[in-house]
2 protein chains.
Amino acid sequence: MKNNIKVERARMNLTQDELARLTGVSRQTINTIESNKYVPSTILALKIAKVFSKPVEEIFFLTEED
Amino acid sequence: MKNNIKVERARMNLTQDELARLTGVSRQTINTIESNKYVPSTILALKIAKVFSKPVEEIFFLTEED
DNA sequence: TCACGATGTAAAATATGCTTGACTTTATGT
DNA sequence: ACATAAAGTCAAGCATATTTTACATCGTGA
C-alpha cells in the first residue's frame, strides 16, 4: 500500500506532529506510515482522511502486492 | 468503529466465506470484523470497499469513542 | 556558527489483526 | 426429523500496528 500523506500535509501546511495530534497518535506513527513502514488501522485512515477532507481512497492506494 | 458489511453482503448476495475469498482473508476474519470484534487494516478495508464498489467511508464509520 | 523546528530512525514493549482448526448454533429445504 | 449451508464463537499462536524514549540529521533564520 502507498499513501499521499506527505503531499496532503504540505497542502494543508501541517507538520507530522500536528497531524499526529489531530488524529490522536504519536508523531512516529505518522512518520512511519508516511514512509510506508506499516499500514495504519482503518480507524486511523478514516481520521487522516477526515483531516484532509478527502475520501480514504484518495490518500491510501492498494498496490500489486496487496 | 462500526460497519455496514452485513448489509452490503446482503445487497451483493455474498456469504462471509465468499467475501473472505474475494478479499484474501479467512472467513473468521470477515465474521469478527462484521460483529465489531476488531478493526481491519486499511488494506483490508480498501479491498472490502472495492468488492462493494463503494468508498471506504460508506462502509466503515467512526464512532464517538474512536 | 548556533539554535531550533521538523524529520528520520531504532529498540523494546504492548496491543491488536489475522490465521487455523474445531465446535456450536441457526435457518432452510426435503 | 434430518441434512446442509451459513453464521457465530473460542483458543492458541504468529505477524504486525502503535507506543514510548531517545538520539541523529537536515534546513533555515538570527
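The main-chain N or O of B:E58 is found under 3.5 Å from a side-chain atom of B:N4 such that the two form a donor-acceptor pair. Of the possible polar contacts, none joining the B:T23 side chain to the B:I48 backbone as a donor-acceptor pair under 3.5 Å is found. Judged by distance alone, the side chain of B:T29 and the main-chain N or O of B:V25 form no donor-acceptor pair under 3.5 Å. In terms of modelled atom types and a separation under 3.5 Å, the side chain of B:E57 and the main chain of A:L46 share no donor-acceptor contact. Within the 3.5 Å criterion, the main-chain N or O of B:V39 finds no donor-acceptor partner in the side chain of A:T42. Side-chain atoms of B:N3 do not come within 3.5 Å of backbone N or O of B:I59 as any donor-acceptor pair. Side-chain atoms of B:T32 do not come within 3.5 Å of backbone N or O of B:K37 as any donor-acceptor pair. Remark: side-chain polar atoms of B:R9 are paired, donor with acceptor, to backbone N or O of B:L14 under 3.5 angstrom. Remark: side-chain polar atoms of A:E18 are paired, donor with acceptor, to backbone N or O of A:T15 under 3.5 angstrom.
Contacts between residues 2-13 of chain B and DNA chain D, defined by a heavy-atom separation under 4.0 Å, are made by B:K6, B:R9.
In this structure, A:E18 atom CD and C:dG5 atom C1' are separated by 11 Å, rounded to whole Å. One atom, CG of B:L19, and another, C1' of D:dA5, lie 17 Å apart when rounded to the nearest Å. When rounded to the nearest whole Å, the span between CG of B:N36 and C1' of D:dG8 equals 14 Å. With rounding to whole Å, A:E34 atom CD is found 14 Å from C:dT9 atom C1'.
Terminal axes of the helix from C:dT1-D:dA30 to C:dT30-D:dA1 (five pairs each, C1' rotation axis) are separated by 40°, to the nearest 10°.
Distances shorter than 4.0 Å separate some side-chain N or O of A:N31 from OP1 or OP2 on C:dG8.
We find the NZ-CG distance between B:K2 and B:L62 to be 13.0 Å, quoted to the nearest 0.5 Å.
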Classify every nucleotide of nucleotides 11-22 of chain C by which part a protein heavy atom approaches to under 4.0 Å, writing B for the base, S for the sugar-phosphate alone and - for neither, in 5'-to-3' order.
------SBBBBB

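Within a 6.0 Å radius of CD in B:E64, no more than 12 heavy atoms belonging to other residues, nucleotides or ligands are found.
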